[in-house]
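Below you'll find the structure, written out as structure tokens, and then a few comments.
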Amino acid sequence: MLQIEVAKIPPEGLELNEPFTASDVHGEAAEDFVLSAPGRLQCRIEVGDEQSVHVQGRLDARLGLVCGRCLEPFALGIDQAVELFYLPHRPDQEEEDEVELTERQMVVAYYRGPRIDLAEMIREQLYLVLPMKRLCRDDCRGLCPRCGANRNEKDCGCSLEDQDPRLASLGKLLGR
Ligand SMILES: [Zn+2]
Ligand SMILES: [Zn+2]
């Protein structure tokens with residue numbers, strides 16, 4: 001259960017160790033990544049003053065991505081600390097995205113109604129860690145622009161100075 005009813009969090013806090021699947025955390029149109037295996041959220045949830053909720057723990061997941069150079073699928077392991085403060089949303093209050101508490105930046109989120117939605121938190125965290133450049137490895141050699149071979153797997157031998165094969169057959173047709 002990734003929907004946590006705030007009123008049901010006991011005073012001593014709640015330990016959560018919860019697997020999640022892609023369908024738990026995907027939004028309507030969020031098909032930017034897939035989970036190649038169920039992820040897991042381990043955290044401790046505590047209620048503080050004025051219905052604030054503190055969530056601290058770790059997020060583990062394996063994302064299935066597609067390399068931007070060779071177009072091969074690859075997996076990206078994620079293991080990261082999460083820490084958030086949830087505050088009850090009050091319509092008369094302005095929301096701040098980030099509030100500085102003590103000396104570090106802590107993420108502050110708002111919950112509406114009786115529940116906090118940890119699925120949404122997981123979704124946001126996964127987006128935050130998605131690399132801008134998705135490469136199966138830093139030195140991925142990509143696809144040959146000439147024959148389309150995956151140059152990580154074989155040396156296709158194409159020389160980039162070669163004439164375009166389509167032009168060569170056109171030349172033959174024209175009797176040159
Ligand atoms: Zn690649
Ligand atoms: Zn080639």
Side-chain angles (χ1 to χ4, degrees), residues 1-4 15-45 55-86 97-100 104-111 116-176:
M1 257 315 268
L2 292 166
Q3 316 290 321
I4 306 296
E15 295 287 341
L16 198 74
N17 186 346
E18 199 64 30
F20 59 87
T21 62
S23 62
D24 292 327
V25 297
H26 269 314
E28 304 92 68
E31 306 308 325
D32 243 12
F33 59 84
V34 293
L35 287 173
S36 41
R40 181 169 291 275
L41 176 68
Q42 280 179 278
C43 63
R44 183 168 174 76
I45 305 172
V55 178
Q56 187 172 21
R58 293 202 81 74
L59 180 64
D60 283 289
R62 236 176 134 66
L63 298 184
L65 300 173
V66 172
C67 176
R69 265 185 215 155
C70 69
L71 310 180
E72 290 291 325
F74 69 101
L76 178 73
I78 288 170
D79 172 14
Q80 77 148 25
V82 289
E83 179 163 23
L84 282 108
F85 270 101
Y86 281 90
D97 284 338
E98 239 168 44
V99 179
E100 204 164 345
R104 17 183 210 152
Q105 285 282 328
M106 234 176 263
V107 180
V108 174
Y110 293 86
Y111 65 94
I116 57 173
D117 183 0
L118 293 178
E120 189 187 329
M121 184 274 281
I122 293 170
R123 180 162 58 241
E124 282 170 7
Q125 293 289 319
L126 293 180
Y127 271 114
L128 283 177
V129 298
L130 271 185
M132 295 283 281
K133 235 187 185 166
R134 297 175 197 176
L135 297 180
C136 61
R137 55 185 215 217
D138 283 343
D139 62 346
C140 172
R141 301 178 67 212
L143 299 177
C144 171
R146 178 133 300 183
C147 71
N150 184 343
R151 292 189 292 187
N152 299 315
E153 287 167 4
K154 61 171 180 182
D155 194 356
C156 58
C158 295
S159 153
L160 295 185
E161 276 108 68
D162 276 356
Q163 205 187 359
D164 187 316
R166 285 166 300 180
L167 286 183
S169 49
L170 185 65
K172 249 183 237 154
L173 281 176
L174 297 173
R176 282 179 206 156

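Whatever order the structure lists them in is the order used to number ligands and atoms, beginning at 1.
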- Message: Looking at D60 and D79, would you say the former's side chain and the latter's main chain have a donor-acceptor pair under 3.5 Å?
- Response: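 No, D60 side chain to D79 backbone: no donor-acceptor pair under 3.5 Å.
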
- Query: Between the main-chain N or O of C140 and the side-chain N or O of R69, is there a donor-acceptor pair closer than 3.5 Å?
  - Reply: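 At least one qualifying donor-acceptor pair exists.
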
- Message: Rounded to the nearest 0.5 Å, what separates atom CG in L41 from atom CG in L16?
- Response: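 Atom-to-atom, L41:CG and L16:CG are 5.5 Å apart.
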
- Atom CG in L76, atom CZ in R62: separation rounded to 0.5 Å?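 The CG atom of L76 sits 8.5 Å away from the CZ atom of R62.
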
- Opening angle at the Zn ion (ligand 1) [SG, C67; SG, C70; to 10 degrees]: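 Between SG of C67 and SG of C70, at the Zn ion (ligand 1), the angle is about 110°.
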
- Query: Looking from the Zn ion (ligand 1), what is the angle between SG on C140 and SG on C136, to the nearest 10°?
  - Reply: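 Computed angle, vertex at the Zn ion (ligand 1), rounded to 10 degrees: 110°.
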
- At the Zn ion (ligand 2): angle between C156 atom SG and C158 atom SG, to 10 degrees: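 Between SG of C156 and SG of C158, the angle at the Zn ion (ligand 2) is about 110°.
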
- Task: Rounded to the nearest 10 degrees, what's the angle SG of C147 makes with SG of C144 at the Zn ion (ligand 2)? Could you check?
- Result: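 Computed angle, vertex at the Zn ion (ligand 2), rounded to 10 degrees: 110°.
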
